[in-house]
Chemist: 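Take a look at this one; I'll ask things after.
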Number of protein chains: 2
Amino acid sequence: MVAAKRPTIRDVAEAAGVSKSLAALVFSTEGGVSPDRREKVLEAAKKLGYTPNQWARSLRSGSGSFVGILLNDLHNPLLIQIADLTRKILLERGQQSFISAAVITEKNGKRIVDPSSIHSLLDLRPKALVIVGGLPDLKPFKQIPDTIPVIVASSQASSLPNATIVRADDHEALRLLVRHLIELGHSKIAYVGPTDSENSIARRDAYLSSMEFFGLGDLAVTQLADRFEDRGYAAAKLLLQGANPPTAIVAFNDNIAFGVQSAVQELVAAGRNPVAVTGFDNTFVAELGMVSLTSIEQEKEAIAMKIAEILTTPDGVEDYRGQEIKLMPRLIARKSTFRI
Amino acid sequence: MVAAKRPTIRDVAEAAGVSKSLAALVFSTEGGVSPDRREKVLEAAKKLGYTPNQWARSLRSGSGSFVGILLNDLHNPLLIQIADLTRKILLERGQQSFISAAVITEKNGKRIVDPSSIHSLLDLRPKALVIVGGLPDLKPFKQIPDTIPVIVASSQASSLPNATIVRADDHEALRLLVRHLIELGHSKIAYVGPTDSENSIARRDAYLSSMEFFGLGDLAVTQLADRFEDRGYAAAKLLLQGANPPTAIVAFNDNIAFGVQSAVQELVAAGRNPVAVTGFDNTFVAELGMVSLTSIEQEKEAIAMKIAEILTTPDGVEDYRGQEIKLMPRLIARKSTFRI
DNA sequence: GTGAAAGCGCTAACAG
DNA sequence: CTGTTAGCGCTTTCAC
């Protein structure tokens with residue numbers, strides 16, 4: 001709260017005794033200005049605390065020099081970590097980025113999209129856009145002009161045919177989970193999760209085909225649950241109180257798994273045998289000693305690194321346009337899974 | 001990915017057969033345009049999918065019509081919730097907002113401030129700025145010009161004398177916690193937390209004065225711990241393995257409390273008596289059945305509501321300038337605290 | 001190498 | 001009520 005107003009290029013030019021355009025040249029090009037004048041301008045800029053207004057810049061030049069990052073769910077620690085890592089790597093490589101969120105999550109977990117914030121970010125004219133995480137429906141992003149490349153992280157995006165997709169291989173992840181449980185002696189392995197999006201349907205299908213793959217197709221059971229803890233809790237109760245209950249439950253994500261864990265914990269307190277539980281995303285909560293949830297690490301660093309690489313390589317965005325990059329997931333075993 | 005380019009006011013004007021300025025008038029004022037022409041313009045706008053570019057608008061008019069929200073830690077669920085709630089209420093009241101983050105949190109928890117993103121948001125010329133959450137040092141925000149009002153949520157901000165502060169009353173919160181534990185029969189109540197910021201020092205002091213207030217001043221013990229789970233774990237180990245260990249531990253926040261809980265859990269597994277644990281912030285993790293942590297609810301909705309009220313009331317920002325608004329916190333008792 | 005002038009998309013102060 | 005004009009902060013021809 002100090003300067004009444006940011007200094008403009010004009011202020012700098014005046015202080016340096018040159019024209020506005022010359023001062024501008026100093027900040028936008030390498031050469032073209034005589035060393036002594038360049039020096040003078042930089043000095044004046046420093047004294048005044050001048051930084052170019054990048055928005056005015058992108059307004060004039062049609063496209064800015066920054067990458068826009070759009071976070072689709074502030075409440076999902078996985079997405080936050082991917083976004084933060086991406087930002088950090090880009091920063092290290094000298095690539096400016098600007099992060100924003102288009103989605104407001106309500107207390108009940110309903111996500112409302114604010115289309116004007118998508119507009120707003122686009123109006124800033126990013127040179128590329130990174131969309132982190134999925135939505136039940138990615139249609140709001142169809143308004144993105146073809147001229148700006150899009151990278152989608154950790155989600156499918158069939159409605160965005162030109163986008164580059166970087167995400168973990170769900171089929172491989174589910175195979176890891178099912179195999180892990182089988183190795184621990186389980187066979188009655190159930191699945192709990194939503195089917196409200198491309199992502200969630202694909203993951204459930206991956207569960208089914210993994211069960212099939214390991215010869216357990218007949219034992220496959222799926223139970224619907226929205227992506228929140230209490231829904232996982234309810235779904236698990238349903239499964240475990242039914243006839244022929246599973247000995248292991250694979251949850252769509254960590255959040256749902258936490259609910260499943262609560263349900264299991266209650267039943268154990270009532271004298272029942274424990275049930276193995278697995279999550280997905282390996283959020284920081286899964287790691288907590290009190291929770292200790294076996295989960296799937298989506299290799300957030302690798303995802304972030306890949307995104308940064310695409311964005312900072314010449315022609316990177318061109319080369320990967322429309323492609324889907326699947327990264328190997330990793331299983332993190334914790335106390336929630338055990339030998340039967 | 002459809003339109004090659006966003007339509008401008010010119011395109012609309014042309015399509016409607018009027019001048020650019022007349023078309024502009026339709027979007028910026030209520031009256032001043034004849035009904036039939038207004039109709040024509042709106043129709044053309046709809047057909048072309050035109051939306052005003054608000055950044056060009058704020059560039060020209062010196063100040064935009066939106067409120068900037070700056071999130072200081074994407075990894076703190078409390079701050080996210082406050083930000084999201086604020087956004088939602090503002091949206092309902094027709095007040096545009098634009099959210100961004102100036103801080104990148106590294107894996108080890110270190111927070112690095114990207115000053116250029118503060119610049120960037122300021123260059124957008126928000127009509128007001130909401131800073132959600134604190135930092136070890138709020139100095140990077142000193143660059144905010146006096147002309148734009150600042151509201152700080154859930155943090156102190158003595159370095160920003162003109163800012164309005166909306167936060168929970170820490171003294172009251174600590175009084176609630178200590179009293180709760182005393183009522184459960186505890187007296188050896190220790191405190192674990194950092195002292196790396198105004199906030200954290202104030203909270204520790206609030207603990208000390210609460211202990212004093214209840215006549216337990218001689219039993220007060222504080223143990224330093226950075227704001228991360230593993231630091232809480234280590235600090236708790238230290239406390240509990242020392243001579244005359246506490247029967248209850250008050251943690252600076254939920255995150256640290258989770259670590260404390262892990263340490264307690266381990267000792268219980270080894271045959272020791274359980275120790276009561278309390279957190280602060282009532283994040284969604286505290287609520288999980290596996291965790292069930294007694295915590296302090298900062299009344300996020302009340303905070304968000306107050307912020308929205310200040311921002312949407314005429315002269316609201318003026319009336320509250322430089323003031324600190326303390327809201328009553330609420331204790332949420334869960335299984336982590338019990339009768340001794 | 002340097003400066004003048006035009007213009008990004010918009011608004012605000014004018015004149016018709 | 002309508003249209004013209006100038007200009008936000010910047011870049012980018014284009015002459016000098």
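We name chains A, B, ... by the order of the sequence lines, and we start the count at 1 in each one. Everything quoted here is computed from the prediction, not taken from an experiment.
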Chemist: Any side-chain hydrogen bond (donor to acceptor under 3.5 Å, both in side chains) pairs touching residues 301-317 of chain B, not counting sequence neighbours?
Modeler: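 Passing the test, one end in residues 301-317 of chain B: A:Lys107-B:Glu301, B:Arg93-B:Thr312, B:Lys306-B:Tyr320.
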
Chemist: In whole angstroms, how far is the P atom of D:dG3 from the CG atom of B:Leu22?
Modeler: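 It works out to 6 Å between those atoms.
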
Chemist: Tell me which of B:Pro35 and B:Leu59 sits closer to the 5' end of DNA chain D, going by the nucleotide each one is nearest to.
Modeler: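 Checking each residue's closest nucleotide, the 5'-ward one belongs to B:Pro35.
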
Chemist: Are any of B:Arg125's side-chain N or O atoms less than 4.0 Å away from OP1 or OP2 of D:dG9?
Modeler: yes

Chemist: If you measure only the distance, is there a donor-acceptor pair under 3.5 Å linking the side chains of B:Ser197 and B:Asn199?
Modeler: no

Chemist: We want to know whether A:Ser65 and A:Gln54 form a side-chain donor-acceptor pair, criterion being a heavy-atom distance below 3.5 angstrom.
Modeler: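 No.
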
Chemist: Less than 4.0 angstrom between a side-chain N/O of B:Arg37 and OP1 or OP2 of D:dC1, yes or no?
Modeler: no

Chemist: Taking atom C1' of C:dG9 as reference, at what distance in whole Å does atom CD of B:Glu14 sit?
Modeler: 15 Å

Chemist: C:dC8, OP1 or OP2 - any side-chain N/O from B:Arg10 closer than 4.0 Å?
Modeler: yes

Chemist: What N/O pairs connect the protein and nucleotides 11-15 of chain C at under 3.5 Å? Give each pair on its own line.
Modeler:
residue: C:dT11; atom: OP1; partner: B:Arg57; partner atom: NE; Å: 2.3
residue: C:dT11; atom: OP1; partner: B:Arg57; partner atom: NH2; Å: 3.0
residue: C:dT11; atom: O2; partner: B:Arg60; partner atom: NH1; Å: 3.4

Chemist: As a test of reading the structure: which of C:dC10, C:dG3, D:dG3 is closest to the side chain of B:Asn53, going by heavy atoms?
Modeler: C:dC10

Chemist: When the distance from CG of B:Leu124 to P of D:dG9 is rounded to whole Å, what number comes out?
Modeler: 14 Å

Chemist: Which heavy atom in A:Ala23 sits nearest to a heavy atom in A:Ile9, and how many Å separate them?
Modeler: C-CD1, 3.7 Å

Chemist: Using modelled atom types only, decide if a donor and an acceptor are shared between the side chain of A:Arg167 and the backbone of A:Gln156 within a distance under 3.5 Å.
Modeler: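 A pair under 3.5 Å: no.
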
Chemist: Taking only side-chain nitrogens and oxygens of B:Thr8, does any of them come within less than 4.0 Å of OP1 or OP2 of C:dG9?
Modeler: no

Chemist: Give a yes or no on whether the backbone of A:Leu70 and the side-chain of A:Ser100 come within a donor-acceptor separation of less than 3.5 Å.
Modeler: no

Chemist: Do NZ/NE/NH1/NH2 and the carboxylate oxygens of A:Arg10 and A:Glu14 come within less than 4.0 Å?
Modeler: no

Chemist: Take the protein atom CH2 of A:Trp55 and the nucleotide atom C1' of C:dC10, then report the distance between them rounded to whole Å.
Modeler: 17 Å

Chemist: Distance check needed: D:dC8 P versus A:Asp11 CG, whole Å only.
Modeler: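 Atom-to-atom, A:Asp11 to D:dC8, this comes out as 11 Å.
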
Chemist: Taking atom P of D:dC8 as reference, at what distance in whole Å does atom CG of B:Asp123 sit?
Modeler: 16 Å

